[in-house]
Number of protein chains: 2
Amino acid sequence: MPETNPGLSIGQVAERTGLSVHALRFYEREGILVAPVRRGPGGRRVYSDRDVEWLHLCVNLRASGMPLPAIRQYADLVRRGAGNEEHLLDLLRQHRDRVTAQLEQLTESLGMVTHKISAYSEQLAEGATGPITCVAPQRS
Amino acid sequence: MPETNPGLSIGQVAERTGLSVHALRFYEREGILVAPVRRGPGGRRVYSDRDVEWLHLCVNLRASGMPLPAIRQYADLVRRGAGNEEHLLDLLRQHRDRVTAQLEQLTESLGMVTHKISAYSEQLAEGATGPITCVAPQRS
DNA sequence: GCTTGATCTAGAGTCGGCTCTAGCTCGTAG
DNA sequence: CTACGAGCTAGAGCCGACTCTAGATCAAGC
């Protein structure tokens, strides 16, 4: 059991999520959070574990290329509660498809780069008997 | 070599590479091209097959997340010709590693999204006997 | 001869996603 | 007491990568 937190400061959440404190405030302003963060004495933000979980999710979505407006949309749907499951699923499926496409694209690029690397290495190994040749090779 | 092109206009290259004509001019200004493009009558750009190949490569690199400055660096090295193979290889290897990391990250995200999708679907299928659960909901 | 459409240049504008600043309030340590 | 560090808000600034505008040129078609 990981300690049940009594609430984290913005700095602690920044550490834990890898977001900057600036980004955390920014996300909140942008409606990325499902609900505005609770405030402690002096108006300081106090993040719950759930907030932090949600932020982890956001970081994940961002890292896989979901734009902030889409995340906000997602958050909106969650905020509104039940009755939007279909819509939520749509969003997720769309994202999944985009991620899949990205994976394909990346895999292709990786193949190309790897190919280039081995071509260059070979060329270098055998004594570079000419100017750079294979600069812009095969197909798109 | 099949069809040796007599040179393509910027519009044709845009079509073929998926870049806009604006982006093509922008790339040239930015030193992304190995050499400035040849000009035809009236000062119009005339792209060779090599230019187009190179642009395809650039598109590929961009699509896999290489920033323009890095591509410029690459182009610089190619421009300078022989003697920079090691450096070129470094660049490529670095990029390969970043792409590999990206692939891992994306794969992880994909897993998460897929998981979420199936969780939601199930929940929906069995009649949604409660509010949205596995998300990261409301206030603390 | 005139219009249309593609091109040219230089430079301004846009957009996403933060990042930073200024000026303030706290709470604790020395 | 005061100095510090962490936090607060509103708003400005920045960076990357384009994208668009204005005003000009030119070839081809009506």
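First the proteins, then the strands, lettered A, B, ... as listed; each starts at 1.
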d([atom1], [X]; [atom2], [N]) in whole Å:
| X | N | atom1 | atom2 | answer |
| --- | --- | --- | --- | --- |
| B/E15 | C/dA6 | CD | P | 10 Å |
| B/Q12 | C/dG5 | CD | C1' | 14 Å |
| B/E28 | D/dA17 | CD | P | 18 Å |
| B/I32 | D/dG16 | CD1 | P | 12 Å |
| A/F26 | C/dC18 | CZ | P | 6 Å |
| B/I10 | D/dT19 | CD1 | P | 13 Å |
| A/H22 | D/dT9 | NE2 | P | 13 Å |
| A/L8 | D/dG7 | CG | P | 11 Å |

Fill in: Minimum-distance nucleotide to A/L68 side chain [options: C/dC8, D/dC18, C/dC18]
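Shortest atom-to-atom distance from the side chain points to C/dC18.
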
Worksheet item: Any donor-acceptor pair under 3.5 Å between the side chain of B/R62 and the base of D/dA17?
Response: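 There is none.
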
When you check the phosphate oxygens OP1 and OP2 of [N], does a side-chain N or O of [X] lie under 4.0 Å from one of them?
| X | N | answer |
| --- | --- | --- |
| A/S9 | D/dG7 | yes |
| B/Y27 | D/dA17 | no |
| A/R45 | D/dG7 | no |

Fill in: Distance-only polar pair, side chains of A/S48 and A/D51, donor-acceptor under 3.5 Å
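Note: A/S48 and A/D51 side chains meet the donor-acceptor criterion.
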
Worksheet item: Is A/P67 touching bases, backbone alone, or none of the nucleic acid, heavy atoms closer than 4.0 Å?
Response: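 Sugar-phosphate, backbone atoms only, no base.
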
Worksheet item: Which is true for A/G42 with a 4.0 Å heavy-atom rule: it touches a base, it touches only sugar-phosphate, or it touches nothing?
Response: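 Nothing, no nucleic acid heavy atom in range.
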
Measure the spacing between [atom1] of [X] and [atom2] of [Y] and express it to the nearest 0.5 Å.
| X | Y | atom1 | atom2 | result |
| --- | --- | --- | --- | --- |
| A/L91 | A/E86 | CG | CD | 11.5 Å |
| B/M66 | B/Q94 | CE | CD | 8.5 Å |
| B/R96 | A/I117 | CZ | CD1 | 4.0 Å |

Discussion item. For a quick test of reading the model, state the closest non-hydrogen atom pair linking B/N60 to A/S109 and the distance between them.
Written reply: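 Closest heavy-atom pair between B/N60 and A/S109: OD1-OG, 2.6 Å.
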
Practice prompt. Between A/R25 and A/R44, name the one whose nearest nucleotide on DNA chain C is closer to the 5' end.
Written response: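 Result of the comparison: A/R25.
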
Discussion item. Heavy-atom nearest nucleotide on DNA chain C for B/R29 versus A/L19: which residue maps closer to 5'?
Written reply: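 The 5'-side residue here is B/R29.
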
